[in-house]
**Q** 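Below: one structure in structure tokens.
Just so it is clear, the model here is predicted, and its values are computed rather than measured. Each chain gets a letter, A, B and so on, in the order its sequence line appears, and its residues count up from 1.
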Amino acid sequence: MDLKYIVLMIAIGVTMVLALVRALLGPTVFDRILAVNMFSTKTVVLIAALGFMTDRPDFLDLALLYALVNFMGTVAVLKFVRYGSFDQATANWENEG
Amino acid sequence: MKHHIIVRVISKFLIPFMFLFALYVQFHGDFGPGGGFQAGVIFASAIALYTLVWGLDRAEQAFKPRLIEILIATGVMIYGGTGLLCLFAGGHLLEYRALVEPGHPQHGEHLGIGLVEFGVGITVTAVLTGIFFAFVRRGRT
Amino acid sequence: MTILTLDVTTLIVLCLVLPLISAVLIAALGRWPNLRDGMMVVMATILCGVVCKLVPLIDAGARPELNLVNILPGDHYMPLGFKVEPLGMLFALVASCLYILTAVYAVGYMRGHHEKNQTRFFVCFALAIFAAIGVAFARNVMTLFVFYEVLTLSTYPLVTHHGTDAARRSGRVYLGILLTTSVSMLLLAMIWTYFLAGTLEFTPGGILTGHVDGLMLMVLLGLYAFGTGKAALMPFHRWLPAAMVAPTPVSALLHAVAVVKAGVFTILKVGVYVFGIDLLAGTGASVWLMYVAGFTLICASLVALSKDNLKERLAYSTISQLAYIVLGMALANPDGVLGGALHIATHAVGKITLFFCAGAIYVQLHKTQVSELDGMGRRMPWTFAAFTIASISIIGLPPMGGAWSKWFLALGAADAHQYPLLAALMISSLLNIAYLLPIPMRAFFAKPKPDGRHDHDDHGHAHVHDGLSEGWAMTIPLCITALGCIAMFYFADPLYHMLQPIAAHTQTVVAPITAAAHP
Amino acid sequence: MNQLLYHLPVLQVVIPLLAAPACVVIRQRHLVWLWATVVTWACLAMSIGLLMRVYPTGGAITYEIGGWVAPWGIVYHVDALTALVLVIVTGVGAVVMLYARQSVNDEIPAERHHLFYAAFLLCMTGLLGITVTGDAFNVFVFLEISSLSSYVLIALGRGRRALTASFRYLVMGTIGGTFILIGIGLMYMQTGTLNMADLAARLPAVNDTRTIRAAFAFFTVGVSVKLALFPLHVWLPNAYTYAPSVITSFVAATATKVSVYVLVRFTFIIFGAEFAFTDMKLDVVLLALAIAAMFIGSLVAIYQTNVKRLLAYSSLAQIGYMVLGISLTNVNGLTGSIVHLFNHAMMKGGLFMVMGCVMLRIGSVHLRDMAGLGKRMPWTMAAFVVGGLNLIGVPLTSGFVSKWYLVLGALDRGWWPIAVLILLSSLLAVVYVWRVIEVVYFRDPPEDAPTERCEAPLMMLVMTWLLLGASIVFGVWAQIPAGVSKAAAQMLLGVTP
Amino acid sequence: MVLTAVAIILLRDLFAAVMLWGIFSLLSAGLFVVMDAVDVAFTEAAVGAGISTVLMLGTLTLVPTREKATDRHFQLMPLLICVLTGAALIYGTLDMPAYGEADAPINKHVANYYIRESPRESLIPNFVTTILASYRGYDTFGETTVVFTAGIGVMLLLGGKAKRRGGPSAAPPVKAGAGDDDDHGGAMATAAASASREDAS
């Protein structure tokens with residue numbers, strides 16, 4: 001395996017571990033959210049890189065899917081943290097927006 | 001709370017793309033990873049995102065509870081209907097090659113798989129949307 | 001009348017169906033007590049007539065059969081069906097004849113006592129008779145067991161009739177012992193028999209010969225003997241005194257007509273047709289049972305002696321008399337078996353008279369204790385006369401029916417060279433005298449106790465005795481049964497003749513073993 | 001017509017399955033009920049048709065779904081045992097459907113009836129699918145359908161406790177399901193196939209591997225959870241007690257039976273009796289647990305004051321009988337086990353239906369509220385007596401037929417103490433049944449209680465009696481159930497009749 | 001992965017547990033990718049990372065986010081069962097053929113047939129799809145029905161505006177991640193999802 005791939009893998013790996021540590025330790029909610037978000041971004045990168053390395057274009061579909069779904073997940077988490085409900089604060093939000 | 005505008009703009013931009021991607025997964029399942037189930041999940045995610053951003057009431061205008069119920073049933077019925085269709089066409093249940101004229105079993109397979117995946121997609125979309133709506137509605141009280 | 005020309009299968013069907021119809025009609029006519037009771041007595045009479053129609057046929061050697069349904073498939077041949085043979089015929093005859101009298105008596109008793117739930121009572125009564133006939137005519141152990149359980153269940157509401165706490169408790173004991181023994185032992189014995197012999201049909205000479213011997217045979221016999229809780233062999237006799245809380249006609253039913261008779265009948269029938277008396281005699285498997293029976297009959301007599309409550313005393317007397325019958329079977333020789341079979345009939349007639357009397361005394365005088373009966377003979381002379389006759393019959397003195405059965409039992413014991421048992425029979429008869437005869441003696445010869453409370457009672461109920469029509473409804477049956485006791489002495493021959501085949505047949509089958517058995 | 005008959009095995013499952021979404025579409029509650037009833041009765045007719053095709057001729061039907069032959073595709077397999085279980089499930093389903101109307105009107109909010117009936121049909125579909133399939137993984141799929149729907153249906157019972165009961169069932173059931181899945185997965189690992197017949201052919205070669213032993217252990221434990229074998233039964237009593245009456249009747253009469261069927265099928269056909277019983281000593285384990293279940297179940301039942309719970313514990317004991325028959329591993333024992341599936345379905349279904357009638361009329365199934373009910377609901381309570389006699393195993397009831405074969409099986413095996421234990425445990429049944437009967441008939445109701453007649457609605461009553469009457473009919477005339485069971489037992493043990 | 005799983009169990013803050021759950025799902029997707037099971041990874045991505053997180057959060061909107069402090073006395077039984085299960089699993093894997101080994105039974109029998117024959121029998125290049133929708137199409141039908149059942153179930157339990165159940169009975173002690181009334185839907189959706197996921201493997 002090419003050296004650059006190894007470096008790439010290690011780099012992504014270290015980043016993921018760091019993100020994981022942050023997610024585990026907290027301490028605030030936002031630390032965790034950010035860590036998870038980062039972790040998932042790195043997963044996207046990792047999958048894309050793996051696809052590139054192994055010459056499997058289907059992995060790109062996977063990466064794309066992650067990217068899309070993660071956005072939805074993050075919005076959901078943020079809304080939960082901010083309002084404690086998926087629906088309750090909508091009215092205010094509508095008015096303010 | 002002006003900064004919500006970011007979320008809204010991006011969502012507006014992303015949701016059509018998610019739908020498109022879902023359709024891609026639905027119909028490209030023959031060639032790459034994915035299929036009806038995954039497509040349904042992505043559809044439902046898109047709808048969930050819409051609900052998160054614009055609220056349940058607007059989402060329910062598009063997807064009325066009654067409609068969701070019918071869609072849930074429709075998906076299963078499409079799947080089963082395909083199976084029964086094969087049966088009435090002279091084959092066994094879900095024997096897709098019976099759907100087309102003899103001699104082209106592969107076309108039959110293709111057609112049948114496409115149909116059942118479509119059924120799966122509809123059911124999964126509707127069920128997940130329905131569950132999500134039920135949760136959100138319940139949280140309202 | 002068409003019944004005269006009916007074929008024999010129809011007769012069997014009628015025997016079984018009539019009590020059922022009777023039960024349904026009783027339930028239907030519940031709102032019109034007079035109609036209901038009249039119908040019941042009429043049905044009972046018809047039933048008795050049908051059963052009597054069967055007697056000459058059986059006597060002539062016919063063994064009519066009736067198969068209803070084969071329960072299990074294929075190689076498990078186990079039909080639910082009936083086959084009439086002398087022993088069953090005897091039991092059916094006893095049950096159906098006494099049913100008429102009991103029915104008349106029960107009407108009198110229930111009305112005289114203003115009991116509630118009379119319709120339920122009579123329905124269960126009819127069902128019990130149905131079950132008794134079923135037991136009598138059963139062609140195999142399976143059918144017998146079925147009706148045995150029907151009998152248990154249909155008499156349970158009778159025992160708990162009053163619905164009081166005491167009645168419920170007794171009902172629990174009654175049901176508990178009868179169901180427990182039958183389900184845990186009789187059923188096991190039955191399936192085991194099937195497992196060994198591959199059939200459950202009652203066959204002259206038995207079905208177990210060659211399939212089992214030694215200790216296992218004894219165990220199997222034990223399962224049957226103790227599993228038949230209705231035979232009230234000690235230590236499973238508790239239900240019988242417990243059931244005394246029930247109204248007296250029920251006691252009559254239990255003790256004379258159906259229940260305990262079904263128990264001893266089962267034991268006799270199993271001994272004769274499943275084991276075969278030759279197998280028992282040949283292996284000596286039933287010797288222990290003789291001693292259990294001997295123990296029971298002495299013990300129960302002693303307990304009876306100590307009881308002051310009239311019905312309880314009679315109950316223990318029954319336990320003792322049942323042991324005679326079991327003993328007869330266990331002796332495993334023709335005389336013993338015949339004696340046992342005859343004793344079913346003679347004891348039935350005698351004991352029903354005693355209970356009728358006890359009931360009549362209770363209804364008219366409100367007395368339950370023996371010690372309260374001093375001088376009451378003058379008040380109810382017919383009743384106490386009947387009591388005396390029946391007592392003598394039970395004791396086994398001529399010229400009463402009981403003499404014959406005890407005579408044959410004694411012969412059987414001598415035949416089997418079981419002299420201790422012969423002694424036990426004699427001692428027990430003496431004890432019978434000691435606990436039965438003092439009752440009429442006191443009633444006739446002792447002076448009434450000067451007790452104010454009693455006087456009051458007497459006064460109140462003398463009126464009942466004289467004025468109401470229910471009085472005769474109780475007195476007449478008990479007089480008839482008392483006469484029956486005497487009649488059985490003089491006309492025992494037909495019965496003996498009819499029963500002969502049970503013993504006769506076995507003698508001819510495997511004679512050598514019998515000879516070898518007695519050293 | 002012949003064409004349709006040929007497809008009968010799969011139509012048996014697909015028709016109720018597709019009828020469920022149709023319920024959701026129809027929505028109008030009376031129509032939905034009518035539709036579901038028609039479908040269940042049609043299913044009953046189909047399963048009887050199937051039974052007539054495999055018995056008494058003794059053949060087996062195989063149906064390849066999708067036209068893919070085994071082991072490439074999924075096949076359906078119907079033999080005498082399968083057909084009997086199908087008849088049990090559809091029979092109880094059909095009777096319960098007719099019974100359901102008033103009871104459901106009373107217990108379920110009207111706007112959800114269509115979903116309720118859909119879930120009911122799904123539950124039945126799942127059970128039928130488990131029964132009829134010849135593919136190991138397919139078992140799991142349909143197990144999920146039936147389990148999910150039964151969790152929901154149980155949670156619909158009155159009061160909050162139905163929810164916790166259902167949740168407990170969900171947790172236990174999911175664990176059980178996962179274990180089954182692990183078992184199947186491990187088997188697939190070693191054989192590369194999921195088809196039952198193919199598995200049976202390929203397993204002996206790899207029998208001595210630890211993988212297969214672990215698979216066996218996982219699978220057996222998983223199924224034991226589902227069938228509520230003694231120490232794994234904790235979900236059962238509450239689930240049965242708090243579920244809606246209709247559901248209790250249906251689930252109690254069918255779900256555990258199907259699990260027993262799965263256990264029988266896997267141990268005897270797939271793993272093979274020799275591996276399961278000689279190598280793994282499953283018979284000893286099952287025997288011990290079955291005896292424990294028989295006695296502990298009955299003993300606990302004696303002390304219950306809620307009659308539904310009492311019956312639930314009695315189910316536990318009755319399951320013990322079925323498992324006991326399996327552990328005897330001879331024709332008579334196994335026949336007893338299988339015929340008890342059938343008989344217990346009738347009696348327990350009927351008894352829970354009685355409780356449904358009581359629930360409808362007096363709103364409680366607590367013993368203290370039932371005093372003197374014998375006068376107020378004579379027909380209903382007479383049905384209870386009949387069912388109780390069945391539980392005890394009095395002759396001429398179907399319970400007796402089961403016991404007959406079980407005891408014979410125990411004697412065949414030379415285990416006469418087991419025979420004694422079987423009979424002793426039925427004595428415990430006498431006690432708990434009699435406790436109820438005594439209260440119902442011989443205890444006076446409280447002073448302030450109403451005394452007027454309040455017999456259950458005719459349709460409910462008729463259906464209750466239909467099941468319990470059948471249990472008497474098949475007790476007196478056991479040719480068909482016992483014959484089918486015996487054929488099935490001989491098939492399982494490879495004995496030629 | 002193990003670390004994450006343990007953390008999920010130990011955490012009292014349900015919200016944090018949900019977040020970690022997302023990470024767990026991502027990790028397992030990564031594992032599937034490494035094992036070259038793209039379809040499974042795809043499903044895991046769609047379900048695990050996306051919708052199930054949202055649904056769990058949906059559950060959390062209905063229940064308190066902190067687990068109730070039930071008395072945490074040491075419970076031997078569950079631990080024992082877990083250890084036994086784990087031991088049995090490990091015991092079972094000891095004899096298992098190595099992953100990807102060419103002559104493992106799993107690769108020689110049915111799977112081999114699928115790989116060989118599926119291109120001939122259908123025009124679909126992704127044979128996973130062929131297996132799921134055609135060879136084992138009936139299983140997929142079943143799975144669709146499972147999803148359908150889950151949908152029906154949630155609507156039955158949560159649907160409708162009328163509050164059926166009154167009575168402030170004390171909420172019973174429940175396990176982590178479970179509320180009292182509404183956990184069924186979530187759990188069921190998860191169960192359905194996981195069931196479907198298993199199907200792909």
Side-chain angles (χ1 to χ4, degrees), chain C residues 27 68-76 78-80 117 120 134 141-150 152-153 156-157 159-165 167-169 171-172 175-196 198 200 216 219 223 227, chain D residues 56 331-332 335 339 372 374-375 385 388-389 392-398 400-401 403-412 416 419-431 433-435 437-439 441-444 473-487 497:
Chain C
L68 291 184
V69 58
N70 192 8
I71 297 179
L72 297 177
D75 47 341
H76 290 261
M78 203 168 58
L80 195 67
N117 293 328
R120 181 180 82 189
V141 190
M142 174 72 200
T143 314
L144 190 147
F145 186 75
V146 168
F147 284 99
Y148 183 93
E149 296 295 5
V150 173
T152 310
L153 296 175
Y156 171 78
V159 173
T160 53
H161 183 77
H162 291 304
T164 57
D165 275 337
R168 265 208 300 278
R169 252 196 316 279
R172 256 178 242 161
L175 198 73
I177 292 184
L178 290 188
L179 272 186
T180 305
T181 49
S182 66
V183 170
S184 66
M185 291 190 278
L186 189 55
L187 186 57
L188 179 64
M190 179 171 103
I191 302 181
W192 194 6
T193 307
Y194 181 85
F195 174 71
L196 294 169
L200 287 174
M216 279 299 145
V219 173
L223 286 178
Chain D
V331 173
N332 276 333
T335 306
V339 82
K375 282 220 179 65
V385 174
L389 294 178
I392 299 167
V394 173
L396 294 197
T397 62
S398 53
F400 174 75
V401 177
K403 250 161 230 175
W404 170 267
Y405 278 108
L406 285 175
V407 172
L408 269 188
L411 291 175
D412 272 347
W416 61 267
V420 176
L421 286 178
I422 293 173
L423 297 174
L424 283 180
S425 76
S426 48
L427 286 179
L428 297 176
V430 175
V431 179
V433 168
W434 220 261
R435 265 192 80 215
I437 291 181
E438 206 182 88
V439 168
Y441 283 101
F442 301 100
R443 182 155 301 163
D444 294 324
V473 169
F474 288 120
V476 176
W477 185 70
Q479 303 275 356
I480 296 253
V484 177
S485 307
K486 189 152 197 175

**Q** If we only count heavy atoms from C-beta on, is the D:Val401 to D:Phe474 side-chain gap below 4.5 Å?
**A** no
**Q** Looking at C:Val159, C:Thr152, C:Thr160, which one forms a side chain to side chain contact (heavy atoms under 4.5 Å, CB included) with C:Tyr156?
**A** C:Thr160
**Q** C:Ser182: which residues meet the side-chain contact (heavy atoms from CB on, under 4.5 Å) condition with it, sequence neighbours left out?
**A** C:Phe145, C:Tyr148, C:Glu149, C:Leu179, C:Leu186
**Q** So which part of D:Leu389 gets closer than 4.5 Å to some heavy atom of chain C, the side chain, the backbone, both or neither?
**A** side chain
**Q** Under a 4.5 Å cutoff for heavy-atom pairs, which residue among C:Leu175, C:Leu153, C:Leu80 has the most contacts with chain D?
**A** C:Leu175
**Q** Side chain, backbone, both or neither: which part of C:Leu188 has a non-hydrogen atom closer than 4.5 Å to chain D?
**A** both
**Q** Counting only heavy atoms closer than 4.5 Å, note whether D:Trp416 contacts chain C via side chain, backbone, both or neither.
**A** neither
**Q** So for D:Phe400, is it side chain, backbone, both, or neither that comes closer than 4.5 Å to the heavy atoms of chain C?
**A** side chain
**Q** Based on non-hydrogen pairs under 4.5 Å, which of D:Asp412, D:Val394, D:Leu424, D:Ile422 is most in contact with chain C?
**A** D:Asp412
**Q** Between C:Trp192 and D:Leu411, does a side-chain contact (heavy atoms from CB on, under 4.5 Å) hold up when you go through it step by step?
**A** CA-CA 8 Å; C:Trp192 194 6; D:Leu411 291 175; 4.3 Å; yes
**Q** Kindly write out the residues that satisfy side-chain contact (heavy atoms from CB on, under 4.5 Å) with D:Val433, not counting sequence neighbours, or none if the list is empty.
**A** D:Leu391, D:Ile392, D:Ile437
**Q** For D:Val476, is it the side chain, the backbone, both or neither that has a heavy atom under 4.5 Å from a heavy atom of chain C?
**A** both
**Q** Heavy-atom cut-off 4.5 Å, strictly under: side chain, backbone, both or neither for C:Met185 against chain D?
**A** neither
**Q** So, the side chain of D:Thr397 versus the backbone of D:Gly393: is there a donor-acceptor pair under 3.5 Å, distance only?
**A** no
